[in-house]
Amino acid sequence: LVNPPIFLGPFAPEWRASEPGVSALSTNTFIYDLLRLDGPVILPLGSIDVRDVARGLVLSLTAPPATKVGRKRIPMSGEWVVPRDVATYIAEQRPELKSRLSEAWKTGAPSMSNNIDTSRAKEVLGLEFTDWRKTVLDAVDSVIATEKEWKTQGWVSPYEQH
């Protein structure tokens with residue numbers, strides 16, 4: 001059980017969209033929205049690193065049977081964070097992006113608290129979740145690299161059009 005279903009993180013190595021466009025970013029569109037001044041805070045930042053989802057699903061294939069560990073409905077979720085903390089962290093770690101950061105994210109209200117108990121994922125699967133900071137920076141770097149590639153193909157972001 002992956003809850004919530006907002007997967008963030010880097011794209012797979014060698015991934016290329018069939019054509020340039022924000023919709024090709026899938027849920028990393030939330031990250032792209034963070035990287036534009038008028039970007040809305042849509043995401044409560046209850047998310048999970050896509051690599052953790054993959055690891056969790058692979059680990060579940062060899063997990064002990066339910067007769068040994070009990071019911072195997074195992075919640076997986078990353079840490080929930082405050083939008084302004086995300087914007088602040090990106091500004092600190094990627095200062096070249098500071099002027100692009102969404103004003104709404106910088107001042108956004110705190111998100112809901114995480115009440116998802118993920119201890120069974122560690123107990124049964126041995127899954128350690130990726131720190132939100134790594135997830136966010138890897139997603140930002142991946143989105144920026146994709147944007148740069150698209151721009152070499154003549155793509156203009158809809159957020160840059162006037």
For Val136 and Val140, what are the C-alpha separation, side-chain angles and deciding distance, and is it a side chain to side chain contact (heavy atoms under 4.5 Å, CB included)? CA-CA 6 Å; Val136 166; Val140 164; 4.2 Å; yes
Intermediate values then yes/no, side chain to side chain contact (heavy atoms under 4.5 Å, CB included), Arg16 and Glu149: CA-CA 9 Å; Arg16 299 292 178 267; Glu149 179 184 325; 3.0 Å; yes
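Minimum heavy-atom separation, Met76 to Asp52: SD-O, 4.4 Å. Nearest heavy atoms, Leu125 versus Ala63: CD2-CB, 3.7 Å. Residues Leu127 and Gly56 come closest through the heavy atom pair CD2-CA, 3.9 Å. Contact record, Gly39 with Ala104: O-CB, 3.6 Å, taken as the closest heavy-atom pair. Nearest approach of Asn28 to Gly9, heavy atoms of both residues: ND2-O, 2.7 Å.
With contacts defined as side-chain heavy-atom distances shorter than 4.5 Å, the pair Phe129/Ile48 qualifies.
Criterion: ILVMFWY side-chain heavy atoms under 4.5 Å apart, direct or through other members. Under it, Trp15 and Phe30 are part of a common hydrophobic cluster. Hydrophobic clustering (side-chain heavy atoms under 4.5 Å, transitive across Ile, Leu, Val, Met, Phe, Trp, Tyr) groups Leu57 together with Leu59.
In this view, Glu92 satisfies the side-chain hydrogen bond (donor to acceptor under 3.5 Å, both in side chains) rule with no residue, not counting sequence neighbours.
Between Trp155 and Trp150, the two ring planes are perpendicular [angle over 60°; tilted spans 30° to 60°].
Contact check on Asp138 versus Arg51 returns a salt bridge, with a Lys/Arg side-chain nitrogen under 4.0 Å from an Asp/Glu carboxylate oxygen. Note on Glu128 versus Lys134: no salt bridge recorded, every NZ/NE/NH1/NH2 to OD/OE distance being 4.0 Å or above.
Under the side-chain contact (heavy atoms from CB on, under 4.5 Å) test applied with Leu8, the options Val143, Ile31, Asp49 reduce to a single match, Ile31.
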